[in-house]
Amino acid sequence: MIMADSADNLLLGITGEIQSRPDLWRTFLGLCDLGPRFCGTPSERAALEYIEAKLKGWGAADVSRWEFDYTGWRCDLCELSIPAPPPGWEFGILPLVYSAGTPTGGIDLETIDLRRGTPGDFERAGDAIRGRAVIVDADYSFATHSIHRRRKFLPSVEGGAAALFLVNPRPGRFPVTGSTTASGSSIPAAGISREDGALLRRLGGKVHLNLQVETSPARAANLIARLPGRGEGRTVVLSAHYDGHNCGESALDNATGVAVTLEMARLLVPYTGKFFNDLEIHFFTVEEWSLQGSRAYADSLSEDNVKQIALNLNLDVVAGSPKLTFLCNGFGDLAEWARETLRDEPARCEVSEWVAHNSDHANFLRRGIPSIRLLAGMNEEDSDCGFHLSPADTTDKVRREDLAAAAGAAARVLLAALDSELPLARMRTGAEAAALLPHYGFAPPPGEGE
Ligand SMILES: [Zn+2]
């Protein structure tokens with residue numbers, strides 16, 4: 001246990017521990033060694049057990065599984081071919097989660113190139129996409145101007161397209177992946193490599209797609225560790241999703257966030273009962289499938305539960321670049337608090353009010369709860385963060401010093417929140433929260449217009 005007589009000394013002690021001990025890095029590698037943690041696989045289950053054993057091993061007294069139902073999905077076959085490929089050419093293709101299947105034996109499809117797949121591209125193409133396989137580029141996920149894949153998928157479905165191919169913008173012959181949508185109608189959708197995309201666009205004509213999928217009722221578990229404070233304050237929720245995709249090691253996304261969150265647990269368990277506010281540490285799953293683990297949890301909270309939460313600090317892709325951004329999701333008052341808190345932070349940190357829809361904090365935000373997502377590589381399209389959602393999301397993309405810097409910066413914000421007796425920001429009303437998330441779910445909720 002770190003001996004500290006003041007909040008400043010505690011932070012110094014904790015950042016010293018992060019830097020000098022091998023735990024954070026070992027935890028990160030340990031998670032990656034379990035495999036990519038795709039929902040419904042033994043690798044996801046192993047990660048849950050790994051996190052649970054770590055927390056209990058460090059003496060966390062209140063650790064529980066929070067189970068929920070979701071629709072499971074599995075792909076048994078995903079093959080792409082063309083009538084006359086260049087000699088020796090092999091396609092690399094990955095289905096998007098919740099993609100529909102093709103008939104047994106596959107289907108022949110005429111392609112149509114919609115370039116980046118902007119709303120304007122879809123509008124110009126109009127009825128020409130009907131019955132055809134739409135080809136669009138994937139955007140870098142972490143840029144203010146990026147267009148999320150779901151905002152390309154949904155217009156494809158609505159326009160009557162027969163399939164969607166998402167082209168990885170990065171060279172290297174590896175496809176990109178992601179999820180389509182957790183509900184509603186679907187079409188076959190898959191990620192392909194930049195090189196395959198260029199070939200299909202150049203040759204035009206027909207492709208043959210054989211995609212065999214299965215859906216079934218499934219159950220998963222978030223993990224919650226509760227570290228009570230002095231019993232006077234509210235609750236700070238620290239979160240990270242432990243699930244990943246069915247390729248690579250899901251190292252950036254999100255072994256980085258889970259490892260840092262576990263490091264916070266390791267260092268703060270000895271301080272149970274010492275802070276003004278309570279700490280709840282949530283490890284969510286089914287995040288990569290439209291944020292379902294955190295959605296189920298946030299939906300289960302009563303209005304009183306919601307008011308009890310002072311902050312959600314969500315860690316998702318926190319290394320891959322030395323540049324860290326604390327995204328404050330439209331909360332100007334929270335951004336001001338974060339800027340003040342990070343004034344003396346040695347790591348390369350920015351505070352942004354940009355609203356990110358694509359991680360678990362969005363479900364806290366939807367309930368009006370002040371929410372921050374820590375992210376590396378914001379607006380850095382060439383950073384290694386762009387390898388997430390692909391077979392190249394592997395441990396070599398993460399530098400040990402970047403991970404330690406992210407943990408140090410996260411600790412600074414977390415400790416300040418745990419010690420704060422004043423609200424960090426004003427809770428937002430339902431209407432205000434909805435206005436912050438115009439693209440939540442990327443379609444209007446049932447019964448509501450957008
Ligand atoms: Zn993630």
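None of these values were measured; they are calculated from a predicted model. Hydrogens, waters and symmetry mates play no part in the numbers below; they use all other heavy atoms, side chains included. For ligands, and for the atoms within them, numbers begin at 1 and follow the listed sequence.
Using the six-membered ring where Trp is involved, Phe387 and Phe174 have ring planes that are tilted, between 30° and 60° apart. Relative orientation of the His282 and Phe364 rings is perpendicular, given thresholds of 30° and 60° on the angle between their planes. Taking the six-membered ring where the residue is Trp, Phe38 and Trp289 present tilted rings, their angle falling between 30° and 60°.
Because the distance cut-off is set at 2.8 Å, Glu287 fails to qualify as a neighbour of the Zn ion (ligand 1), as none of its N, O or S atoms comes that close. Here Asp316 meets the criterion, with an N, O or S atom under 2.8 Å of the Zn ion (ligand 1). Distance check for His241 against the Zn ion (ligand 1): an N/O/S atom falls below 2.8 Å.
Taking the Zn ion (ligand 1) as reference, Asp253 places its N/O/S atom OD1 nearest.
Salt-bridge check for Arg373 with Asp360: failed, with every basic side-chain N at 4.0 Å or more from each acidic carboxylate O.
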